[in-house]
Amino acid sequence: MSETMTKTLQYRFDGPEDAPILVIGPSLGTTWHMWDRQTPELAKHWRVLRFDLPGHGGAPAHPATGVPELADRLLATLDGLGVQRFGYVGCSIGGAIGAELALRRPDRVASLALVATSPRFGTADEFRQRGVIVRTNGLDPMARAAPERWFTAGFAAAQPAIVEWAVQMVRTTDPGCYIAACEALAAFDVRAELGRIGVPTLVLVGAEDKVTGPAEARTLVAGIPDARLALVPGASHLAPVEQPAAVTDLLIRHFSTAWQNPSDTSTGITVLPDWATYPGPGTPVGPPTLSPMTAPVAAITAAEQPQAVAAVRPDPYEAGIRIRREVVGDAHVDQVLAETAGFGSDFQELLTRYAWGEVWNRGGLDRRSRSCVTLTALVAGGHLDELAVETRAALRNGLTPAEIKEVLIQAAVYCGFPAANAAFRVVGAVVQEETTPDP
């Protein structure tokens with residue numbers, strides 16, 4: 001596989017070659033086929049380009065480091081096809097890619113629809129925990145849990161064939177690419193930047209979505225100027241699959257009436273007259289409700305203020321707290337800082353600044369290697385409480401249970417069998433807890 005191929009995405013076209021381009025992005029664990037029931041109607045009016053995430057749907061398994069890289073790969077794909085201006089709709093992580101594009105390249109995004117999307121997807125710990133489970137158990141636990149996350153109970157009971165299709169999509173995904181996508185969602189947070197999205201935006205969500213539900217949708221609508229909210233009854237996370245007619249109708253109405261052209265100097269909205277009278281693909285199951293934004297626009301935060309240029313070497317604290325949270329998890333860091341507030345706060349600041357901001361931030365060793373060294377040192381010192389914390393960190397850093405076992409066996413020879421025996425008890429309990437999927 002050439003380097004060029006790793007920088008692009010697998011895609012397919014549907015619709016007239018001379019029509020405006022509408023790009024459609026999938027959610028984590030799915031393929032472009034999640035949009036099969038929207039494509040025939042959309043392709044009557046747009047040149048529809050659907051793409052797969054790396055390692056999904058048979059796409060080359062070249063993991064991306066984050067949502068920005070996924071956006072870059074999509075832009076490289078479009079550049080190679082000669083596509084400059086396009087509308088965009090994406091579901092979940094596909095929506096995150098759309099938000100990233102609207103923030104970074106508003107000159108190229110004519111109109112935007114965010115489906116089952118959030119400005120921040122849960123907590124970083126939740127998605128990194130998924131990575132630990134997949135690394136240990138493969139994708140079967142994620143596949144078995146997908147129907148409950150994606151569909152309402154009534155739909156899952158009534159449509160067993162669709163449920164099985166969804167499960168198989170997850171099972172056939174490349175595990176490494178799935179883990180990388182989880183890491184991408186863990187790092188994604190555009191809450192402070194929503195006010196800069198100037199693209200006409202529709203936020204669409206299933207009324208019963210428990211993953212990125214109406215609350216997250218309203219956060220997007222409150223933050224994005226002039227965004228509109230579409231709430232689809234009788235749908236959960238994969239609303240395009242569960243309520244295809246309603247979603248198709250909403251998308252066609254949005255992209256037919258909200259298409260921003262660079263040459264516009266007034267409102268920036270161009271009505272496309274040939275499609276504005278589109279009657280919809282039929283009566284949806286439970287009519288969707290479409291309402292204008294009623295919440296105030298979110299305030300621009302201090303993150304957008306110009307940063308002062310440091311006259312000396314930057315303080316490593318900010319890098320340290322970021323790396324500390326990435327390695328040992330938000331929940332642990334928050335608990336430690338809360339418990340040590342006051343008397344122990346100076347020590348925690350010292351630890352964050354120099355252990356995490358200096359040592360863990362050095363080049364020369366990757367995080368997997370640093371976890372191996374740390375585990376060995378803790379076994380040697382008999383620091384069993386810290387060993388439990390660092391075992392969780394090692395799993396998050398990509399070490400498998402088998403590799404951690406090898407570290408402890410190696411440590412037994414050089415640190416002593418009693419120390420390793422105690423370490424095996426602690427580490428074994430942590431590994432069991434961290435790698436057992438939720439029932």
Side-chain angles (χ1 to χ4, degrees), residues 9-17 19-59 74 77 81 86-95 97-98 113-117 143 146-147 149-152 154-156 158-174 178 181 202 204-206 209 211 230 232 234-256 275 278 280-286 288:
L9 298 172
Q10 177 171 284
Y11 67 91
R12 65 168 289 168
F13 270 124
D14 295 278
E17 293 186 3
I21 301 293
L22 180 61
V23 178
I24 303 184
S27 68
L28 173 63
T30 74
T31 73
W32 64 44
H33 289 296
M34 70 162 284
W35 296 100
D36 278 352
R37 298 179 74 179
Q38 282 70 48
T39 300
E41 291 293 336
L42 295 175
K44 291 178 180 179
H45 313 295
W46 289 275
R47 179 74 162 157
V48 175
L49 184 151
R50 289 182 283 171
F51 67 88
D52 277 329
L53 298 169
H56 291 60
L74 177 56
T77 304
L81 296 168
F86 53 90
Y88 185 92
V89 54
C91 181
S92 196
I93 192 173
I97 295 170
L114 304 176
V115 179
T117 303
R149 291 198 306 268
W150 287 354
F151 306 121
T152 62
F155 180 86
Q159 299 289 345
I162 293 179
V163 169
E164 180 58 25
W165 161 80
V167 167
Q168 290 306 316
M169 274 196 299
V170 180
R171 284 200 172 113
T172 56
T173 299
D174 175 77
Y178 187 97
L202 172 70
L204 191 156
V205 64
D209 189 346
V211 180
V232 182
S236 186
H237 193 59
L238 288 194
V241 176
E242 194 162 5
Q243 294 289 359
V247 171
T248 302
D249 183 46
L250 287 163
L251 293 179
I252 291 182
R253 292 179 187 278
H254 172 69
F255 287 109
S256 296
W275 313 328
Y278 173 75
T283 304
V285 181

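Only heavy atoms go into these numbers, but all of them, side chains included; no hydrogens, no water, no symmetry mates. It should be emphasised that the depicted structure is a prediction, and the values quoted were computed from it without experimental measurement. Numbers here are sequence positions counted from 1.
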Looking at every non-hydrogen atom in both residues, tell me the closest pair between [X] and [Y] and how far apart they are.
| X | Y | value |
| --- | --- | --- |
| Val167 | Pro147 | CG2-CG, 3.7 Å |
| His237 | Ser92 | NE2-OG, 3.3 Å |
| Ala181 | Leu28 | CB-CD1, 3.4 Å |
| Trp165 | His33 | CZ2-O, 3.8 Å |
| Leu250 | Ala230 | CD1-CB, 3.8 Å |
| Val170 | Ala146 | CG2-CB, 4.1 Å |

Side-chain heavy-atom pair [X], [Y] within 4.5 angstrom cut-off:
| X | Y | answer |
| --- | --- | --- |
| Met34 | Ser27 | yes |
| Thr31 | Pro26 | no |
| Ile21 | Phe13 | yes |
| Ile97 | Leu53 | yes |
| Leu238 | Phe155 | no |
| Phe151 | Val241 | yes |

Backbone N/O of [Y] and side chain of [X]: donor-acceptor pair under 3.5 Å:
| X | Y | result |
| --- | --- | --- |
| Arg47 | Gly15 | yes |
| Tyr88 | Gly94 | yes |
| Arg50 | Trp32 | yes |
| Glu41 | Ile252 | no |
| Thr117 | Val115 | yes |
| Gln243 | Val232 | no |

Just jot down the ring pair (Phe, Tyr, Trp, His ring centres under 6.0 Å) partners of Phe86, sequence neighbours excluded, or say none.
none
Taking atom [atom1] of [X] and atom [atom2] of [Y], what is their separation to the nearest 0.5 Å?
| X | Y | atom1 | atom2 | result |
| --- | --- | --- | --- | --- |
| Phe51 | Leu74 | CZ | CG | 5.0 Å |
| Ile24 | Tyr11 | CD1 | OH | 15.5 Å |
| Leu42 | Lys44 | CG | NZ | 10.5 Å |
| Thr30 | Asp52 | OG1 | CG | 7.5 Å |
| Thr39 | Leu22 | OG1 | CG | 9.0 Å |

Just say parallel, tilted or perpendicular for the rings of Phe255 and Trp46, cut-offs at 30° and 60°.
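Geometry flag for Trp46 against Phe255: perpendicular rings.
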Run the side chain to side chain contact (heavy atoms under 4.5 Å, CB included) test on Val48 and Trp35 for me, step by step, so that the C-alpha distance in whole Å, both residues' side-chain angles and the decisive distance to 0.1 Å come before the verdict.
CA-CA 11 Å; Val48 175; Trp35 296 100; over 6 Å; no
Are more than 12 heavy atoms, taken from residues, nucleotides or ligands other than Arg149, located less than 6.0 Å from that residue's CZ atom?
yes
As a quick check of understanding, evaluate side chain to side chain contact (heavy atoms under 4.5 Å, CB included) for Leu81 and Leu49, giving each step before the final call.
CA-CA 11 Å; Leu81 296 168; Leu49 184 151; 3.5 Å; yes
